[in-house]
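For reference, the structure is listed below as structure tokens.
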Amino acid sequence: MDSLQHAIIERTLSCLRLAEQKLGKRFSNPVIRFNQRGKIAGSARLQSWEIRYNPVLLAENPQAFLDEVVPHELAHLLTFACYGSVKPHGPEWQRMMSEVMGVPPRTTHSFDIASVRGQTFRYQCQCREHQLTIRRHLKVMRQQAVYHCTQCHQPLTQKT
């Protein structure tokens, strides 16, 4: 484990201790992993009390992870512990972010994802070109899905 991952673990636990003080409750330490893939900065696994962080985006955005991603993911766990199953970014989570974590409740990150973006495939409709992910491209190839343009509503066809 590198020093940045260690700092993320420490920040997660310090945010948890702060939340315990503010909420007047005790919580077990979450399992923390650095195996989140793709464009997602982090994810909270509610049932297993686990947080997964994206190591590539972490390395590229360490301060934003410390300031925003850690409280964001921890707030999901705490919201689940306090309120049960609610909307992921609903009012309970928003209050947890602002009142307990002291962080504005933003639902998405604005990181450059060029380094984690997967291969895309060129498709077209009547009005423009589209980039489909490999997952969507394979569904088209296996005839499991047909995608349509949100503007002209025509089916997308692979551009050669």
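No hydrogens, no waters, no symmetry mates; every other heavy atom, side chains included, goes into these values.
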Results of side chain to side chain donor-acceptor pair (under 3.5 Å) for R142 - residues two or more places apart only: Q144
Is there a side-chain contact between L18 and K22 in this structure, where contact means two heavy atoms from C-beta onward sitting under 4.5 Å apart? yes
State, with a plain yes or no, whether a side-chain heavy atom of T12 is found less than 4.5 Å away from one of P30. yes
Within a strict 4.5 Å, meaning less than it, do heavy atoms of the P155 and C125 side chains meet? no
List for me each residue that meets ring-ring contact (aromatic ring centres under 6.0 Å, His included) alongside H89, sequence neighbours excluded, and say none if there are none. H72, H76, W93
Report the residues that fulfil side chain to side chain contact (heavy atoms under 4.5 Å, CB included) with E20, sequence neighbours left out, ordered by chain and then residue number. L16, R17, R26, F27
So the ring pair (Phe, Tyr, Trp, His ring centres under 6.0 Å) pairs with at least one residue in residues 95-114 (sequence neighbours excluded) are F65-F111, H109-F111
Set of residues satisfying side chain to side chain contact (heavy atoms under 4.5 Å, CB included) with respect to E92, sequence neighbours excluded: T79, Y83, V86, R95
Is there a path from L46 to L78 through hydrophobic residues (I, L, V, M, F, W, Y) whose side chains come within less than 4.5 Å of each other? yes
R128 and C149, any side-chain heavy atoms less than 4.5 Å apart: yes
Partners of D67 by side chain to side chain contact (heavy atoms under 4.5 Å, CB included), sequence neighbours excluded? Q63
Looking at R135, I want to see if its CZ is surrounded by more than 12 non-hydrogen atoms of other residues, nucleotides or ligands under 6.0 Å. no
Of the non-hydrogen atoms in P62 and L4, which two are nearest, and what is the gap between them? CB-CD1, 3.6 Å
For a quick test of reading the model, state the closest non-hydrogen atom pair linking A7 to L66 and the distance between them. O-CD2, 3.9 Å
Please enumerate all residues that pass side chain to side chain donor-acceptor pair (under 3.5 Å) together with Q36, with sequence neighbours excluded. S43
Are V70 and V56 connected into the same hydrophobic cluster when the rule is that any two of I, L, V, M, F, W, Y join if their side-chain heavy atoms are below 4.5 Å apart? yes
Backbone N/O of G42 and side chain of N54: donor-acceptor pair under 3.5 Å: no
Residue pair M101 / A19: nearest heavy atoms and the distance that separates them: CE-CB, 4.1 Å
Looking at side-chain heavy atoms only, is the closest gap between P105 and M96 below 4.5 Å? no
Besides M141, the hydrophobic cluster formed by Ile, Leu, Val, Met, Phe, Trp and Tyr side chains linked at under 4.5 Å, directly or via other members, contains F121, Y123, L132, I134, L138, V140, Y147, L156
Would you call F34 and I9 a side-chain contact if the rule is heavy atoms closer than 4.5 Å? yes
Residues that F80 engages under ring-ring contact (aromatic ring centres under 6.0 Å, His included), provided they are two or more places apart: none
Considering residues at least two apart in sequence or located in another chain, which fulfil the side chain to side chain contact (heavy atoms under 4.5 Å, CB included) criterion with K159? R122, Q124, E129
Give the cluster check for W49 versus I51: same hydrophobic cluster or not, with ILVMFWY residues linked at side-chain heavy-atom distances below 4.5 Å. yes
Is there a chain of hydrophobic side chains (I, L, V, M, F, W, Y, each step under 4.5 Å between heavy atoms) that links I40 to L74? no
Taking salt bridge (charged side-chain N to carboxylate O under 4.0 Å, His left out) as the cut-off, I'd like each qualifying pair that reaches into residues 28-50, sequence neighbours left out, listed once. R33-E50, E50-R52
Do the non-hydrogen side-chain atoms of L23 and C82 ever get within less than 4.5 Å of each other? yes
More than 12 heavy atoms from other groups under 6.0 Å of CZ on R11: yes
Which pairs count as salt bridge (charged side-chain N to carboxylate O under 4.0 Å, His left out) when at least one residue sits in residues 68-80, sequence neighbours excluded? E68-R106
